[in-house]
Amino acid sequence: MAGTQRYIRYILIAFLCLIIVYFISSTSDPRDQLQSATDYIKSHSGSLTAHRDDEDEAPLPGLDDERPPIPLETGARTLPSALEDTDTTPNKPNELPPAVASGERMNATFVTLARNSDVWEIAESIRQVEDRFNRKYNYDWVFLNDNEFDEQFKRVTTALVSGKTKYGTIPKDHWSYPEWIDQDKAAKVRDEMREKKVIYGDSVSYRHMCRYESGFFFRHPLMLDYEWYWRVEPSIKLFCDINYDTFKFMAENKKKYSFVISLYEYVETIPTLWDSTKRWMEKHPDQVAEGNSMKFVSDDGGKTYNHCHFWSNFEIGNLNWLRGQAYMDYFDQLDKDGGFFYERWGDAPVHSVAAALMLKKEEIHFFNDISYYHVPFTHCPTGDDFRMDHKCHCNPSENFDWNGYSCTKRFFEVNDMELPKGWQQEQH
Ligand SMILES: Nc1nc2c(ncn2[C@@H]2O[C@H](COP(=O)(O)OP(=O)(O)OP(=O)(O)O)[C@@H](O)[C@H]2O)c(=O)[nH]1
Ligand SMILES: *[C@@H]1O[C@H](CO)[C@@H](O)[C@H](O)[C@H]1NC(C)=O
Ligand SMILES: [Mg+2]
């Protein structure tokens with residue numbers, strides 16, 4: 001009996017050893033394969049970049065032309081299939097993820113106004129902007145707040161931004177009632193707007209925010225170091241790759257202001273904005289540009305406002321224009337008239353009317369290639385080819401451009417621009 005038991009035990013141990021030997025040999029296998037893939041590449045075309053250059057079409061503007069060769073270790077995974085010419089699914093990448101773009105940088109920064117409680121929503125936005133654009137350009141990012149930023153906000157945002165981050169507190173007098181404002185009158189307006197359910201109509205902080213974005217952010221000491229800005233808000237999305245320096249584009253094409261979405265403003269929030277605007281025009285006729293975009297904001301040659309505006313939660317613009325005499329005179333007129341508090345003027349119509357009247361129409365740019373979402377609207381470029389080429393992930397049926405509430409078609413008309421093919425199919 002005891003002999004048989006020992007015999008069985010020997011067999012079991014031997015079997016176990018066999019399993020262990022098999023296990024060790026099979027786990028070392030992939031390493032062998034990787035080794036041989038590397039050898040394979042070495043014995044073939046030499047480097048991945050050399051191979052890819054044959055296939056590349058004309059490079060996109062601003063893309064780094066001298067891409068560093070891909071290290072063989074990482075190339076090994078994708079290379080064999082590329083060499084054997086079997087297509088990847090669903091298509092071959094038409095370019096490698098570019099490293100940091102070469103060349104000079106513009107005097108530019110991102111800028112975000114936010115509360116500490118916005119940290120996760122702004123983190124989402126930063127990640128989108130970095131992935132689609134800024135990881136190649138590493139521009140700085142300025143954060144502004146009416147309270148001091150806390151450690152968590154700074155840690156999270158610093159970790160996500162590829163450029164330098166700067167944190168500014170807003171001086172009290174840029175975020176409070178000017179002395180000429182009758183605060184009881186302002187409070188009554190807020191009550192009325194609450195009754196009428198005007199969006200943010202009863203909010204004090206929203207009004208300070210709109211006034212700040214209209215007249216102060218570009219004068220913050222941290223912003224004085226820059227000439228160009230790109231405004232980013234919490235919870236936005238970017239849907240397409242941006243493979244060129246948008247700031248450089250603005251400078252080289254003499255643009256001062258830009259947009260991606262335009263629409264009609266709620267009338268209840270700006271009933272007298274145009275009256276104030278006319279007061280400024282009468283006082284400063286010289287500040288109204290020749291060849292401006294009056295037709296974008298007025299249907300009757302300037303008698304009334306048609307409520308069209310560029311949506312300012314996205315902006316790429318020139319800070320020196322905003323800091324200039326004309327814009328400052330315009331803002332001072334509006335601020336004196338009190339509509340930021342007696343009504344609920346938004347910074348979007350304020351920036352838009354200013355841009356439309358004091359810039360030449362060629363100085364305003366529609367960034368069709370910056371596909372963008374801010375609740376509840378999407379700009380998704382019209383045209384399949386464009387979207388594929390730029391690796392867009394927006395749903396074209398959600399494009400707002402040709403919707404009846406959008407003013408973008410009007411912008412095209414004012415500027416004698418041809419509407420893109422297929423716009424009629426997207427008029428939802
Ligand atoms: N520091 C600070 N930032 C604010 C305050 N209110 C709004 N903001 C910021 O100002 C910008 C605009 O505010 P939003 O709340 O996004 O206003 P909106 O875009 O009109 O509306 P929704 O995005 O639809 O809520 C965002 O970047 C906010 O983070 C505030 O009281 N303090
Ligand atoms: C950037 O622009 C600002 C504002 O025009 C200017 O004061 C500053 O000197 C510029 N910085 C550089 C490096 O050119
Ligand atoms: Mg917002």
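Whatever order the structure lists them in is the order used to number ligands and atoms, beginning at 1. No experiment lies behind these values; they were computed from the predicted model shown.
The cationic atom of K336 (NZ for Lys, CZ for Arg) lies less than 6.0 Å from the six-membered ring centre of W180 and within 45° of the ring axis.
Looking only at heavy atoms of the protein, atom 4 (C) of ligand 2 is closest to Y226 O, 3.5 Å. The closest protein non-hydrogen atom to atom 5 (O) of ligand 2 is N320 ND2, 3.2 Å. Here the protein heavy atom with the shortest distance to atom 2 (O) of ligand 2 is N107 ND2, 2.3 Å. In this structure, the protein non-hydrogen atom closest to atom 7 (O) of ligand 2 is L224 O, 3.7 Å.
Looking at H374 and the Mg ion (ligand 3) together, the shortest N, O or S contact belongs to NE2. Summary: OE1 is the N/O/S atom of E233 found nearest to the Mg ion (ligand 3).
Heavy atoms of L319 stay at 4.0 angstrom or farther from ligand 2.
For ligand 1, the 4.0 Å heavy-atom shell contains residues L113, A114, R115, D118, N145, D146, W175, Y200, S205, Y206, M209, E233, P234, H374, V375.
At a threshold of 4.5 Å between non-hydrogen side-chain atoms, the residues K237 and H374 do not count as touching.
In this structure, R194 places its CZ atom where more than 12 heavy-atom neighbours from other residues, nucleotides or ligands lie under 6.0 Å away.
Salt bridge R344/D202: absent, no basic N to carboxylate O contact under 4.0 Å.
Using the six-membered ring where Trp is involved, Y200 and Y206 have ring planes that are parallel, under 30° apart on the 30 and 60° scheme. The aromatic rings of Y177 and H208 stand perpendicular to each other, their planes meeting at an angle above 60°, with 30° marking the opposite boundary.
By the side chain to side chain donor-acceptor pair (under 3.5 Å) test, S176 pairs with no residue at all, sequence neighbours left out.
Side-chain atoms of E343 and T272 include a donor-acceptor pair closer than 3.5 Å.
Annotation: R323 places no N or O atom under 3.5 Å from an N or O atom of ligand 2; distance criterion only.
For atom 11 (N) of ligand 2, the protein comes within 4.0 Å by at least one heavy atom.
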Please walk me through it: do D241 and R132 pass salt bridge (Lys or Arg N to Asp or Glu O under 4.0 Å)? CA-CA 5 Å; D241 278 352; R132 292 299 198 167; 2.7 Å; yes
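Side-chain atoms of H390 do not come within 3.5 Å of backbone N or O of C392 as any donor-acceptor pair.
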